[in-house]
Structure formats: structure tokens, C-alpha cells
Amino acid sequence: MTLRAKILALSFTIGAIAFVLAGLSAGTIYLIARDRDRLILVRAVDQNIRDTETLATEILLDGGERPYRQWKSLSAELSTRIQGLDALPGVSAGVVNELLSRLEAMDRAFVRIATIGAVDDPLARSILAGQIRTNKGALIGRVAVLENDVHARQSETFRIVIAANVIVLTVLILLGIGHQMVLRRFASRALDELVGAIQQIEDGHLSQPIQSERRDEIGRILLALDQMRAQLNQRVITEDTARQRAEELNQAKSKFVASVSHELRTPLMGLLGMMDLALRRDDPDAIKRDLKRAQTAGGHLLDLVNQILDFSKIEAGKMVITEEPFSPDTLVETARSVFAVQASEKGIQFDLMGPKTPSPLLIGDSQRLSQVLYNLVGNAVKFTDIGAVSVLYQIEKLANGRYQFRVDVIDTGPGIPEDKLNTIFEEFAQVGERGVAGKVGTGLGLTISTRLVSLMGGEIGVRPNREKGAHFFFSVDLDLAPASEDARPEIQDAPFLPTRKCRVLITEDIDINRTIVCEYLLSDGHSVAEAANGVECLEQLRKGPFDIVFMDVNMPVMGGLEATTAIRASSESWSNVPIVGLTANAFEEQVSSYIAAGMNDCISKPVVLAELRAAIARAIKTDESADDIGPQLETQADSRLNAVPLVDAVKFAELRKLVGPEKLSQLIDQSRPFLSHEIGEVENAVDDEQAVKTALHKIKGTAANLTYLRLSALAAGNPASQGEERDLKQLTAELHALAKRSEARALELLHEMDA
């Protein structure tokens, strides 16, 4: 029963008892009032009987008619009251009749006295008066008995009333005490439990459960309070854990900053020291050896900076995982070739074990997978001084049609302490405490690997190893690459080599950076001109033709993006010169903005010779595809033009990798109205040969940038260059048709690559 039901039941019970007691009290009052009325009636009868003597005396003295009339009135009143005596307990009808008969006798006597004169018969009057007195006395005696009886009954009723009222009062007192006890049991105790539970929570005793066996509303409230207590306790535990974790992370960050400072200073000191030694030497061989060591230190410094940048990129949510075909065999074999040399120099064995049959091509981010693999294998080689490093990889087909690519890296180094197994992959975690001097590192390699594998939906971990050494692994589930010829091509990271010497314009505001790039290019046989900002770049372009422009993005006077926009907006012949951006901000969204501004390519700083050569090779290839194919077609039939691919699939895939699929789709959409407008300019420039050439040049450049080879080839020739006279109307029709077909093919390739 609920507390409310209990209180209501108690209230109803007390109310019913009080109602009964009230009825009992009302009954006693009624009894007292009734006995009082009886006593009044008897006394009224007695008084009326006594009044008859006065009237009888007056009549006997011959008082005339007045006393007689009074007697008649008194007699009638007395008769009525005597008849009312039958309502008294113990008064029978015979008693009433007896009293009435005596009253009638008195009435007859009064009537006789009234008719007999005072002098006529004094004796008779005297006898009649005696009869009246006799009957009056009998009536008075009889009424006195009745009055005594009424008095006795009134006394008995009074005793009953006293007893009843005492009982009522006692019961009411007992009810009050009982009500207080019951309320204390049902309500006060419940409130005490409720207040105690609230006090427990206020005092912070959250780990102690709130116990209650109640099943009423208070019990439900206590249960809710206990649930709230548990939630608060869990929140406090979580906050304490988070605070402790934050403190540990803060300490780890402090150690990380100190470690990174040391790690950065070490190669920086080596770089500066070797360069200083080289400046002091005269022996070319010694200088070359010092510079080689400085280059090694610089490469190590660059690796550390790249790690920090990658971590920042991941933390900011800017890391994008690409989906492209790659060969797992090639990926792992490349890692083996890189680290086998280091292992050999340290005198440790390096083993690679994989499937017996060639692995299928898979779809994934080979660059990031290589980064994870290089981190794990690099750590294994770095921390292993005696024994061997083994790399095992396997490709397993899953039930859902996908393939699992798993790599295990096992070494015989000092291993991972058990208390570090759960924290080794966390931010800034380091295991320098295991006593490997000079091999601590930044603590970011495993963290970056963990985040990369997580972004690819895979798993990375370390297995406990009772023996000496460590056993790391990672696995990702990937799709099988399409086997058809139209499948997206796999882009190799091997550097391109320029096919010819070029005239290059370097636009860079920092002298040392400009000097380094110039020396790289001069060593490869290219001719180089320099500009310190965008304004000087435009002046150099006006002076002479250039095959390619390397453009720094951030420069004083005029920045790289402003200069690129000015170049593309120019009507000069150099408006379509290939422009390669130079920047330290080479994130994907930034590269997309550079391409949107008109740049053809972008490489990051510090500039690496291999990337510089690859950029020149890509620019020359684009330029040749746009400029060299056209003249070749000038002397051939339309069938030769049709043999040129609508879109260069390899170059298109490179462009997609560079700017991303979304940005590339936007570029295709943006090119549509531009090409349509320029083709319209060709059609409208009937008598203006220069306007036709300018429009065709813009069409050629835009088509080449989008890798629309056939459209670029057609625009590269003169209006009458396809083996027969060709009017502008026919040319514009072909240009419109090729533009639509090229765009359709590009979107088709983009869809296939994103499938």
C-alpha cells in the first residue's frame, strides 16, 4: 500500500470514529434535554394542581364567575398535561386515567359548588370542598411520585452521559495519540529516510548506496535518489579520471616538448656543424663528405618536422585518406629495400615473409599505409641492436568480398614494458624509460600510425611478448581494384625526369631559397632567371619566353596568387606558361585554392631535387601534350586527331590526387562556361584572326590543364590546319562537340576513380 493510501485510510478511519463519537455525544445531549422536558411537564402538572386550591377557596367564598372561568381554563390545561404524562417511562394508561378521573371529580365538585349558594347549603359546599381537597391531595401525591421517578431517571441519564462523555474524551485522546504514532511511522519516518538520503548526497558519500525496503512513493523517490547518486558518483569518477588523464597528458606534453627540442636540436646542430666544417675546409672530398653528412642531418630534421605537421593535420581533422589502386607486394618490398640497408649496417638480420603468390591490386591509401609500415619497421630497426627484424604480411579474402591486408613486425630488441603496453599508442607517449640511450624519438610515430589506421577503419596494436623483443601489427580491410582496362591507373611515386632542358623563372622573395632552387636547376642543365616578387616576375615574362615558372605563394609587393591571376588574365603569349607553386602550406584545401587561382602544380618547401625534377617533367609533359600534338596534326587527316585520347587518364589521375575529387569536379564545372564563351569568341571573330588565335590559345591552355588532349590538340592548330580548308563555323561546331565529349569522359573517369 502506498503512503498516500495509508494516510487516506487512517484519515477515513479516524473520521468514522469521530462521527460515531459525535453521534454518541449528541445522543447524551438528547437524553438530558428529554429528561428536562419531562421534569418540566411533571412540575407544570403539579403547579396546576396546586393552583386549584386557590380557585377552590375563591369559589367557596363565592367569588363569582371569574374564578369559575379560571377553573375551566385551568382544568382544560391540566387535562391536556395529564394526558401528556403517558409519554413518561413507567406511566401507564391506567395512571393517566386515574388522574383524569380525579380531575373530573374535582371538576364536578367545582360545578356543584358553583350552583349551590353560599347560604343555601353550607354543609354540601363543605363536603364538596373536602372532595376537592381529597382529589387534589391524591393528584399531588401521585404527581410527586411521578416527579421522583423522573428525578431518578434524570440522575441515571446524567450518570450515563458522564460515562459516555468520559469514554468519548478517552477515545479522542487515544485517537490523537494513535494518529500521531501512525503519522510518525508512515510519514515522519519516511521523511526522515528521505532527508537522510539527501543529506548523504550533500555530504558527498556518493559511493555508499541508499538502502530502503519501502515500496511506496517515498521508496520510489529514494530509488530515484540512489540512481542519481550512482550517476553523480560515476560522473565524479569520470571527471577524476579525466583530470588525472589531463595531468598525465600535460606531463607527457612537457616531456614531449623537451624531447622534441632535443630531437630537433640534434640534427640542426649536425646540419650547421657540418656546413661550418665544410666552409673551413679546402679539400673538395672532405667538403663533399661534410655536405653529405649535413644533407643527412637535414633529411632527419625534415622527417621530424613532417611528423609534427602530420600530427597537427590529424588533430585538426584535415588528414584525408585517398582511395587508389596499389600493390601490397610493392609497398612492403619498398620498405624492405629502405630498411634492409640500415639493418645491414647495424649487423642485424632483416627478414621479409609474405604470400607465395603475387598479391592482387587493392584500393587504399598506399602513401599512408607506407607511413605506418615505415614507422613500425623503422622503430624495430632502430631499437634492435642484436638479432633480427622480421616483417610478415598476408592478404586474406574476407566473407564480405573484401581483402584484409595485415602486417606483423617482430624484433629482438629490448621490448615494451608491460606497464607501457596500454599507453604506447597514446599522444606523446614515449618509452625512453626502457633505457635505450639516444633512441627515444618524438613519441609521435606510433600516435600518427594509430590515427592513420583508425581513419582507414583498421586495427593496430602490440602483442605481449614474454621473450625479449616487440611484436607490432596492423591490419586494414580493403576492396579489390578493378581488373578492367578502364580502371583507374595506379600512380607511381617514382620521380619523373625532364625530357629536355628548360628555361625556368624562379619567383621567390627569400634569397637563400631562390639560390637553392637555382643551383638545383643549373646542376641539371636548365637556364634560370630570378624574380623577388610578382611584379618582377611579370617584368621577366615580358622580356623573354619561359618554359615554366616556379612561384612562391607568399611574397611582398605582389604575392604568388596575385601574380598567377595577372598572368592568366593577360592576352600575351606567355599567359598560359606552366606555373608551379612553392609553399610550406601544402595541405589539400590550400593546394586546391592555388590550382583554382591558375597554378598548374604545387610542391612543398623545403624543396627536394626529386620533387623539383618531377614538377618540371609534369609541366613539360603538359606543355608538349598541348603544343606539340597540334602541329603534328596540322599535316594529318582527321583520323589522326581522333586517335588522340579525349582525356589523358594518367595525368587526370595525377590531377585528382593533387587537388582532390571534389575540387576537380568543381574545376570541371567551372571550365564549362569558360570554354563555351571562348568557343563563341572564335565563332564571332570572323574577320579578326588575332582574336581567333587568342581564343584558341585560351581553349588550348584550359583543355591542357584539364588533360582534355583531343580538344587541346584541335585548338592548337590554325583554323585551316586539319588537311583541308575548315571554316570557323565548322571549327566551332567541332570544338563544342569535343568540349562536351571531353567533359563527359572526365566525369566518367572521376566517377570510376571514386567508385
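Every value quoted in this text rests on a predicted model; they were computed, and no experiment measured them.
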Salt-bridge contact Lys740-Glu743 (side-chain N to carboxylate O under 4.0 Å):
no

Qualifying residues under side-chain contact (heavy atoms from CB on, under 4.5 Å), relative to [X], sequence neighbours excluded:
X	answer
Ser359	Pro328, Asp329, Pro355, Tyr393, Ile395
Ala746	Val647, Phe652, Ile668, Tyr708
Pro209	Gln211, Asp226, Arg229
Thr564	Met551, Arg568, Ile579, Met599

Quick one: side chain to side chain donor-acceptor pair (under 3.5 Å) partners of [X], sequence neighbours excluded?
X	answer
Asp408	Arg406, His471
Asp477	none
Ser449	Asn375
Arg402	Asp479

Item to complete: Taking the side chain as every heavy atom from C-beta outward, state whether Lys397 and Gln404 have any atom pair closer than 4.5 Å.
Response: no

Does Ile386 reach the side chain of Ile348, with side-chain heavy atoms less than 4.5 Å apart? no

| message | Asp351 vs Gln349, test: side-chain hydrogen bond (donor to acceptor under 3.5 Å, both in side chains). Steps then yes/no. | response | CA-CA 7 Å; Asp351 299 323; Gln349 184 178 348; 2.8 Å; yes

So the salt bridge (Lys or Arg N to Asp or Glu O under 4.0 Å) pairs with at least one residue in residues 356-367 (sequence neighbours excluded) are none

